[in-house]
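Below: the structure, in structure tokens.
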Amino acid sequence: MPELPEVESVKNGLNKLISGKAITNVDVLWINIIKDPSISEFKERIAGQVIEAVKRRGKFLLFFLTDDVLISHLRMEGKYRLENTDVPRTKHTHVVFELDSGEELRYLDVRKFGKMSLIAKEKWTQHPSMLKLGPEPTNEELKIKHLVNALKKTERPIKACLLDQTIVAGVGNIYADEILYDACIHPERKGKSLQLDEIKDLRNSIITIINKAVDKGGTTIRTYSNAFGTEGGYQTYLSVYGKKDEKCSRCQHTIKKIKVAQRGTHYCPYCQK
DNA sequence: CGCCCATCCTGAGCGC
DNA sequence: TGCGCTCAGGATGGGC
């Protein structure tokens with residue numbers, strides 16, 4: 001399940017593989033992947049454009065083309081693969097970008113949850129998906145004051161707040177659990193119950209955990225791999241995610257799994273207050 | 001406005 | 001062996 005660190009790794013791989021190549025044609029094999037514009041406009045506009053660079057905002061991949069930006073979200077299991085045209089397309093290949101190099105950039109997605117949008121370059125920051133995004137989880141962009149404001153009035157559990165992309169962009173279910181463990185905060189604590197020093201700890205944990213995961217090339221739990229097909233390396237650093245019934249490495253108590261905001265949530269009932 | 005919940009999807013894992 | 005059920009979950013939009 002690609003979160004910010006995994007998308008960052010995919011972005012880096014794609015830049016090496018496809019920057020400077022032109023798209024000659026687009027095949028859409030599962031129409032629900034394309035959110036907007038219409039399928040015909042999507043295909044017609046992309047054909048002929050050059051992929052200048054691939055960037056990232058939150059969990060969204062941004063393909064900067066000659067005139068447009070292709071906004072792509074991998075959701076649960078989306079992947080990009082560069083293949084020669086003679087390699088057979090698998091049944092999970094849903095969108096194919098044919099390149100002037102004779103290769104194909106293929107979008108694969110077992111669950112078909114991923115989405116793509118195309119928008120004019122000068123308007124991409126105004127796309128609804130972009131407008132809703134909060135700050136990137138970096139020391140420069142994620143301000144204490146912003147977190148204080150976002151949390152001070154809400155009754156929602158802090159886990160739900162971390163998953164809310166308007167509060168901070170890029171955190172998903174795995175890193176939310178890891179961040180709360182690192183900050184020693186119970187996932188069911190109401191947002192407004194957090195004290196200032198706890199919010200500072202939380203901010204530090206968000207930045208530290210995400211940075212380290214980026215550094216390790218992301219986490220491979222189920223099926224994630226980057227554009228080169230290589231797996232991430234952060235899974236060996238996980239403290240609670242997927243560790244139900246195992247011992248907490250800090251206090252030796254047993255890691256529990258509960259549901260918070262409809263999401264599987266792992267935590268240590270002794271360390272996380 | 002804030003928040004909850006269903007929806008989209010398929011494959012893995014499990015019990016019988 | 002194979003069937004049917006449950007679970008996994010990010011963003012979105014409807015509804016209260």
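A note on names: the letters A, B, ... follow the listed sequences, proteins ahead of strands, and every chain is numbered from 1.
With values rounded to the nearest 0.5 angstrom, A:Leu108 atom CG is found 11.0 Å from A:Leu74 atom CG.
Two rings, from A:Tyr107 and A:His94, have their centers 6.0 Å or more apart.
In this structure, A:Lys159 places its NZ atom 16 Å from C1' of B:dC4, rounding to the nearest Å. Between A:Lys190 atom NZ and B:dC4 atom C1' the separation is 15 Å, expressed in whole Å. Rounded to an integer number of Å, the gap from NZ of A:Lys91 to C1' of B:dT10 is 9 Å. Per the geometry, CG belonging to A:Leu151 stands 14 Å off P belonging to B:dG2, to the nearest Å. Atom P of nucleotide B:dC9 and atom NE2 of A:His94 are separated by 10 Å, given to the nearest angstrom. We find that CG of A:Asp164 is positioned 9 Å from P of B:dC3, with the value rounded to whole Å.
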inquiry  = Protein within reach of the bases, or only the backbone? For nucleotides 10-16 of chain C, mark each nucleotide 5' to 3' as B, S or -, using heavy atoms under 4.0 Å.
reply    = BBS----
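Taking only distance into account, the side chain of A:Arg111 meets the base of C:dG9 through a donor-acceptor pair shorter than 3.5 Å.
The cationic group of A:Lys55 lies under 6.0 Å from the six-membered ring centre of A:Phe64 and within 45° of the ring axis, placing it in a cation-pi geometry. Geometrically, A:Arg250 does not engage A:Tyr270 in a cation-pi contact, judged by NZ or CZ lying under 6.0 Å from the ring centre and within 45° of the ring axis.
Dashed line: the shortest gap from a side-chain N or O of A:Lys257 to OP1 or OP2 of C:dA8 is under 4.0 Å. Taking side-chain N and O atoms only, A:His92 has a distance below 4.0 Å to OP1 or OP2 of B:dG11. Taking only side-chain nitrogens and oxygens, A:Asn32 comes nearer than 4.0 Å to OP1 or OP2 of B:dC9.
Contacts of A:Tyr241 with the nucleic acid, taken as non-hydrogen atoms under 4.0 Å apart, involve only primed sugar atoms and P, OP1 or OP2.
A:Cys268 is listed as a side-chain neighbour of A:Cys251, based on a closest heavy-atom distance under 4.5 Å.
Judged by closest nucleotide on DNA chain B, A:Glu155 is the one of A:Lys112 and A:Glu155 placed further toward the 5' end. Where A:Val110 and A:Gln262 each meet DNA chain B at their nearest nucleotide, the meeting point lying more 5' is that of A:Gln262.
Contact between A:Leu4 and A:Gly58 at its shortest, heavy atoms only, is CG-O, 4.0 Å. The two residues A:Ser72 and A:Phe63 come nearest to each other via the heavy atoms CB-CE1, 3.9 Å.
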